[in-house]
S.K.: 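My questions all concern the structure below.
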Amino acid sequence: MPEFSLIEAFRRRALAREDVPLGIGDDAALFDPPAGERLALAVDTLVEGVHFNRGLPPASIGWKALAVNLSDLAAMGATPALALLALTLPAEDPRFVEELATGFAALADSHRVALAGGDTTRGPLALSVTVVGHVPKDLALRRSGARPGDDVWVSGSLGDAAGALALWKAGTPMLRVGPLRQRLDRPTPRLGAGQALRGLATACIDISDGFLADLGHLLAASGVGAEVEVEALPASADLREAFPDPVARRALQLSGGDDYELCFTAPPSERAAVERLSARLALPLSRVGRITAGASLRLLDADGLPLPLPERRGYVHFAEDGA
């Protein structure tokens, strides 16, 4: 598949935007950001065998490569505008590329993201996506604004993607993993929630490496601690059915990763506003703890008694198996 034929497979699916006057086909893309807004940029790389399983449908690979980046913009409260894709392929495979481009475009179109350029090369299968968005000046959500007394919230449910991976590792064929697999293969970036939290949340982060790991990043940036009520962690009906043992289920929710939900903090005075937002978005927003002074992170049971922190708090980059 010649390089320009590969590029054409993506170009003909690329969304057109008036604020992207020059996209695929030149040495660089041009973008006109809205007046009074700052650019928000994020980049992630997905490598076969590390970030997704061999044999994952190409359309799902394309979707996920963009979704994990849009989740970063969601955590900043940003509105996405364009993406750049660097694609490494081990061999010519026109059908694979067509399906990959279809999955990428399906998510891009749903959020009006223009694919504005990128690069192609030969090597082990990997996708590196850069996204560009914008956010009103001084309204970007950051990790560093949590204050003692704030509530800790999470969107959606936790543990589904990790549950799918655990079932597969235990020998369940992926075709039988069911709805949990959708959360692993095609995560939903919470862009609407992130934008709606501007001016409401005091700090925010997306949950990619695991709830405890990413909450820990937020706490470190803010210089605070937290108490988490483990019984308050939201679990889907599918996760409860697949993992009826609450201890096993809780481990997936706390440390599993690949959720791509938002973890944010807000003052107790904003509880009603967060609940109204949840109803408006038709998205569960669950209060799971509170921010404390100091730097400690504690887990509490239903009676408010401390629980031991798990040794593994999330995905560890550069570890042999991520654990």
Side-chain angles (χ1 to χ4, degrees), residues 1-34 37-48 51-52 56-76 78-135 185-192 194-195 206 208 260:
M1 190 177 192
E3 179 184 11
F4 289 102
S5 297
L6 189 157
I7 294 171
E8 178 63 19
F10 284 90
R11 189 204 62 76
R12 67 172 178 267
R13 291 174 172 83
L15 181 78
R17 291 178 55 121
E18 291 184 357
D19 54 1
V20 184
L22 187 63
I24 294 175
D26 221 300
D27 291 306
L30 299 179
F31 173 53
D32 299 324
E37 304 222 347
R38 287 196 169 109
L39 294 184
L41 303 96
V43 61
D44 268 298
T45 299
L46 270 63
V47 179
E48 184 182 48
H51 302 98
F52 59 89
L56 182 65
S60 293
I61 298 173
W63 175 291
K64 188 167 186 175
L66 178 59
V68 302
N69 283 273
L70 294 183
S71 182
D72 286 329
L73 291 187
M76 300 292 292
T79 300
L82 61 93
L84 306 173
L85 169 63
L87 176 61
T88 304
L89 290 170
E92 293 183 12
D93 191 338
R95 181 177 177 181
F96 180 92
V97 170
E98 291 286 346
E99 293 180 11
L100 183 78
T102 296
F104 190 100
L107 182 60
D109 290 353
S110 67
H111 293 290
R112 296 202 67 249
V113 175
L115 179 60
D119 189 28
T120 60
T121 190
R122 185 185 182 101
L125 180 59
L127 300 86
S128 184
V129 177
T130 299
V131 288
V132 179
H134 51 87
V135 62
D185 291 352
R186 295 199 174 203
T188 301
R190 302 301 188 185
L191 287 159
Q195 293 160 24
D206 80 319
S208 55
Y260 298 103

S.K.: CG of D93 to CZ of R95: how many Å apart, nearest 0.5 Å?
M.R.: 8.5 Å
S.K.: For A116 and L84, work out which heavy atoms get closest and say how close.
M.R.: C-CD2, 3.9 Å
S.K.: Which heavy-atom pair separates I24 from G117 by the least distance, and what is that distance?
M.R.: CG1-N, 3.6 Å
S.K.: With rounding to the nearest 0.5 angstrom, report the CG to OG distance, L191 to S110.
M.R.: 8.5 Å
S.K.: For the residue pair P80 and L70, what are the closest heavy atoms and their distance?
M.R.: CB-CD2, 3.7 Å
S.K.: Is any side-chain heavy atom of V43 less than 4.5 Å from a side-chain heavy atom of S128?
M.R.: yes
S.K.: Could you tell me the separation between the CD atom of Q195 and the CG atom of L73, rounded to the nearest 0.5 Å?
M.R.: 9.5 Å
S.K.: For residues R186 and A59, report the shortest heavy-atom separation together with the two atoms involved.
M.R.: NH2-CB, 3.3 Å
S.K.: Which heavy atom of V135 sits nearest a heavy atom of A78, and at what distance?
M.R.: CB-CA, 4.1 Å
S.K.: Counting distance only, does the side-chain N/O of R17 pair as donor-acceptor with the main-chain N or O of R112 below 3.5 Å?
M.R.: yes
S.K.: Quick one: do V47 and L125 satisfy side chain to side chain contact (heavy atoms under 4.5 Å, CB included)? Show the steps, please.
M.R.: CA-CA 6 Å; V47 179; L125 180 59; over 6 Å; no
S.K.: Do V131 and L66 have side-chain heavy atoms sitting under 4.5 Å apart?
M.R.: yes
S.K.: Could you point out which residue of D185, L46, D44 forms a side chain to side chain contact (heavy atoms under 4.5 Å, CB included) with K64?
M.R.: L46
S.K.: For A42 versus D72, what's the shortest heavy-atom pair and its separation?
M.R.: CB-CB, 3.8 Å
S.K.: Start with the C-alpha gap between R190 and T188, add the side-chain angles, then the distance that decides, and say whether side chain to side chain contact (heavy atoms under 4.5 Å, CB included) holds.
M.R.: CA-CA 6 Å; R190 302 301 188 185; T188 301; 3.7 Å; yes
S.K.: Apply the test side chain to side chain contact (heavy atoms under 4.5 Å, CB included) to residues T88 and L127: give CA-CA distance (whole Å), side-chain angles for both, the deciding distance (0.1 Å), then the verdict.
M.R.: CA-CA 6 Å; T88 304; L127 300 86; over 6 Å; no
S.K.: Would you give the length of the straight line joining atom CG of L56 to atom CD1 of I61, rounded to the nearest 0.5 angstrom?
M.R.: 4.5 Å
S.K.: Starting at CG of D206, measure out to CE of M76 and round the result to the nearest 0.5 Å.
M.R.: 11.0 Å
S.K.: Working to the nearest 0.5 angstrom, can you tell me the gap between H134 NE2 and L82 CG?
M.R.: 9.0 Å
S.K.: Mark yes or no for whether W63, through its side chain, and T102, through its backbone, hold a donor-acceptor pair below 3.5 Å.
M.R.: no
S.K.: Are any non-hydrogen side-chain atoms of Y260 and S208 less than 4.5 angstrom apart?
M.R.: yes
S.K.: Applying side chain to side chain contact (heavy atoms under 4.5 Å, CB included) between N69 and each of V132, V129, T45, report the one that passes.
M.R.: V129
S.K.: With a 4.5 Å heavy-atom cut-off, do F104 and L115 have their side chains touching?
M.R.: yes
S.K.: Looking only at atom types and distance, does a side-chain atom of E99 sit under 3.5 Å from a main-chain N or O of P57, one as donor and one as acceptor?
M.R.: no
